[in-house]
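Accompanying notes for the structure given below.
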Amino acid sequence: MIKWFCSNVSADVALVLARPEGAPEGTKGLGMFLMPRKLPDGTLNKYKVNRLKDKFGTRDMASGEVTFDGAVAYVVGDITKGFKQMMSMVNSSRLSNAVRSSAMMRRSFLEALVSARGRVAFGSSLSEKPLMKETLFELLLDCEAAASITFYTASVYDKSDQGNVEAEGLLRILTPLLKGYICKRARNSTSEGMEARGGNGYIEDWIDSKLVRDAHVGSIWEGTTNIVALDVVRALVKDEAGEIFFNDLYNRLDAITNSLTKQIGKILLQISKKVESQSHRIMSLNGPERELPAKQLMNRMYHIFTASLLLNEAEVQITAQENYRKLYMTLQYIHRYLLSSGLDDLTYFDSSLLQCFDAIVDFDKVSKGTVEGLLENVQQAVKL
Ligand SMILES: Cc1cc2nc3c(=O)[nH]c(=O)nc-3n(C[C@H](O)[C@H](O)[C@H](O)COP(=O)(O)OP(=O)(O)OC[C@H]3O[C@@H](n4cnc5c(N)ncnc54)[C@H](O)[C@@H]3O)c2cc1C
């Protein structure tokens with residue numbers, strides 16, 4: 001029997017799914033087994049790596065094609081529940097994929113910022129050019145947002161691991177959301193980071209080309225973007241995860257006390273209610289019609305949830321440090337990902353970025369006044 005893809009093929013042990021003789025067809029009949037590379041007497045187990053894959057990226061980890069030929073493997077857990085057991089591992093592997101992609105986004109931003117600050121062209125440093133500020137800002141916004149929801153999901157994962165049933169339900173929908181959006185977005189961020197370094201970005205002397213290559217696999221393995229988007233819809237329909245998801249979000253907005261963050265919370269609540277009703281409508285559809293909008297829904301759910309986390313962090317930062325930096329990021333996030341459309345007047349390119357760019361990228365203080373100006377812009381966009 002051949003396994004067409006096997007990552008980390010040189011590992012000492014592998015967890016595999018296999019169908020015991022006489023077990024039923026389909027995923028129900030699969031058992032989970034632990035297969036060691038070496039047997040207790042020190043001899044090699046009976047499987048062969050036919051060849052290593054010649055991969056586009058992740059070349060520092062060997063992926064191979066494997067033929068099993070009488071290999072010894074030990075049953076893990078309940079032999080009739082192999083697939084279910086594997087699926088619980090999928091939560092951690094999808095989360096770890098999001099961590100990996102978020103980290104690559106962050107590295108791409110830092111590389112881009114350092115190179116733009118160091119390179120002088122047309123009379124000044126590239127980081128002083130308005131359009132480069134915008135490019136760098138978007139890179140940072142994406143990676144800060146990704147970090148926010150990834151860390152939050154990790155905390156939900158811990159709670160679920162300790163037996164919290166609500167956390168288990170929330171984790172069910174958050175992991176495909178992260179995997180679907182962040183792993184795909186990392187492709188964009190790493191490419192933008194490469195371009196920000198100009199011609200040098202394309203040259204193997206720098207890290208950018210490796211980041212671009214490595215980022216691509218994130219949206220393919222552990223379920224492609226389409227497959228995880230369908231899984232988000234499945235989590236809504238079959239596992240009824242929508243209620244937990246929206247309640248978690250609404251409770252966070254409810255807990256906001258600062259007057260400025262409250263105003264933004266109101267806008268976000270309005271948008272989130274819209275997305276919730278869209279999700280109900282999609283759930284009421286059948287078959288192909290339900291599948292068609294799955295990716296759009298996944299992206300929107302990702303954005304509203306992430307925006308609520310950013311807003312929560314903003315409130316903490318204002319209270320602790322009287323710093324409005326995170327609130328600035330939140331407003332920009334809401335404006336860019338939830339309000340601007342293909343026909344707006346491009347007001348989301350708020351000129352305040354020209355003034356506060358350095359404070360933003362250096363994690364310094366942003367004033368309340370700067371945020372109030374941006375809020376007016378956002379309120380205007382809500383009315384449009
Ligand atoms: C480097 C690497 C390492 C890997 N390591 C492992 C490993 O260790 N273990 C392991 O088990 N697997 C591994 N894989 C396999 C990987 O998980 C699969 O390749 C991936 O899940 C996609 O499945 P597929 O190749 O069968 O693509 P296909 O299922 O043929 O999909 C092709 C395209 O069709 C789309 N598609 C498929 N079904 C639908 C649908 N219903 N609706 C809409 N679109 C759809 C997909 O999104 C995709 O874009 C690895 C892959 C790579 C590239």
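Ligands are counted one by one from 1 in listed order, and the atoms in each one are counted from 1 as well.
Ion pair Glu111/Arg107 flagged as a salt bridge, since at least one NZ, NE, NH1 or NH2 atom sits closer than 4.0 Å to an Asp/Glu carboxylate oxygen.
Ser108 contributes a side-chain N or O that, together with a main-chain N or O of Met104, makes up a donor-acceptor pair within less than 3.5 Å. Although no hydrogens or angles enter the test, the distance criterion places a donor-acceptor pair under 3.5 Å between the side chain of Glu315 and the main chain of Asn258. Remark: the backbone N or O of Lys326 is not paired with any side-chain donor or acceptor of Glu313 at under 3.5 angstrom.
Within a 4.0 Å radius of atom 4 (C) of ligand 1, the protein has at least one heavy atom. Put simply, atom 47 (O) of ligand 1 has protein non-hydrogen atoms near it, under 4.0 Å away. Less than 4.0 angstrom separates atom 42 (N) of ligand 1 from at least one non-hydrogen atom of the protein. Not a single protein heavy atom sits closer than 4.0 Å to atom 27 (O) of ligand 1. Within a 4.0 Å radius of atom 19 (O) of ligand 1, the protein contributes one or more non-hydrogen atoms. There is a protein heavy atom less than 4.0 angstrom from atom 14 (N) of ligand 1. Counting protein heavy atoms under 4.0 angstrom from atom 24 (P) of ligand 1 gives zero. For atom 31 (O) of ligand 1, no protein heavy-atom neighbour is found at a distance under 4.0 Å.
Counting only heavy atoms of the protein, atom 16 (C) of ligand 1 lies nearest to Trp221 CA, 4.0 Å. Among protein heavy atoms, the minimum distance from atom 8 (O) of ligand 1 is reached at Ser7 N, 2.7 Å. For atom 21 (O) of ligand 1, the nearest protein heavy atom (residue, atom name, distance) is Ile220 O, 3.6 Å. Closest to atom 44 (N) of ligand 1 among all protein heavy atoms lies Asn226 ND2, 3.1 Å. Scanning the protein for heavy atoms near atom 9 (N) of ligand 1, the closest one is Phe5 O, 3.5 Å.
Relative ring orientation between Tyr337 and Tyr181 is described as perpendicular, the plane-to-plane angle rising above 60° on a 0-90° scale split at 30° and 60°.
When each atom of ligand 1 is checked for a heavy atom of Glu222 under 4.0 Å away, the hits are 17 (O). Counting the atoms of ligand 1 from 1 in the order shown, those under 4.0 Å from a heavy atom of Cys6 are 8 (O). Short contacts between ligand 1 and Gly223, defined as distances under 4.0 Å to a heavy atom of the residue, involve ligand atoms 21 (O).
Judged by the 6.0 Å and 45° rule, Lys273 forms no cation-pi pair with Phe246. A cation-pi contact, defined as under 6.0 Å to the ring centre and within 45° of the axis, links Arg252 to Phe305.
For Tyr152 and Asp248, the side-chain atoms include at least one donor-acceptor pair closer than 3.5 Å.
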Side-chain atoms of residues 283-290: list all donor-acceptor pairs with protein atoms under 3.5 Å, sequence neighbours left out, distances to 0.1 Å.
from: Ser284; atom 1: OG; to: Arg281; atom 2: O; distance (Å): 2.6
from: Arg290; atom 1: NE; to: Leu285; atom 2: O; distance (Å): 3.0
from: Arg290; atom 1: NH2; to: Met283; atom 2: O; distance (Å): 3.3
from: Arg290; atom 1: NH2; to: Leu285; atom 2: O; distance (Å): 3.1

Could you go through residues 366-374 and list every donor-acceptor pair under 3.5 Å that involves a side-chain atom there, pairing it with any protein atom two or more places apart or in another chain?
from: Ser367; atom 1: OG; to: Thr370; atom 2: N; distance (Å): 3.2
from: Ser367; atom 1: OG; to: Thr370; atom 2: OG1; distance (Å): 2.8

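Heavy atoms of Lys55 found under 4.0 angstrom from ligand 1 belong exclusively to the side chain.
Within 6.0 Å of the CZ atom in Phe56, the count of heavy atoms belonging to other residues, nucleotides or ligands exceeds 12.
Between Leu297 and Leu236 the shortest heavy-atom distance is CD2-CD1, 3.7 Å.
Residue Thr224 holds the heavy atom nearest to atom 22 (C) of ligand 1 of all those in Thr225, Ile227, Leu230, Thr224.
Contact between Lys3 and ligand 1 is present, with at least one heavy atom of the residue lying under 4.0 Å from the ligand.
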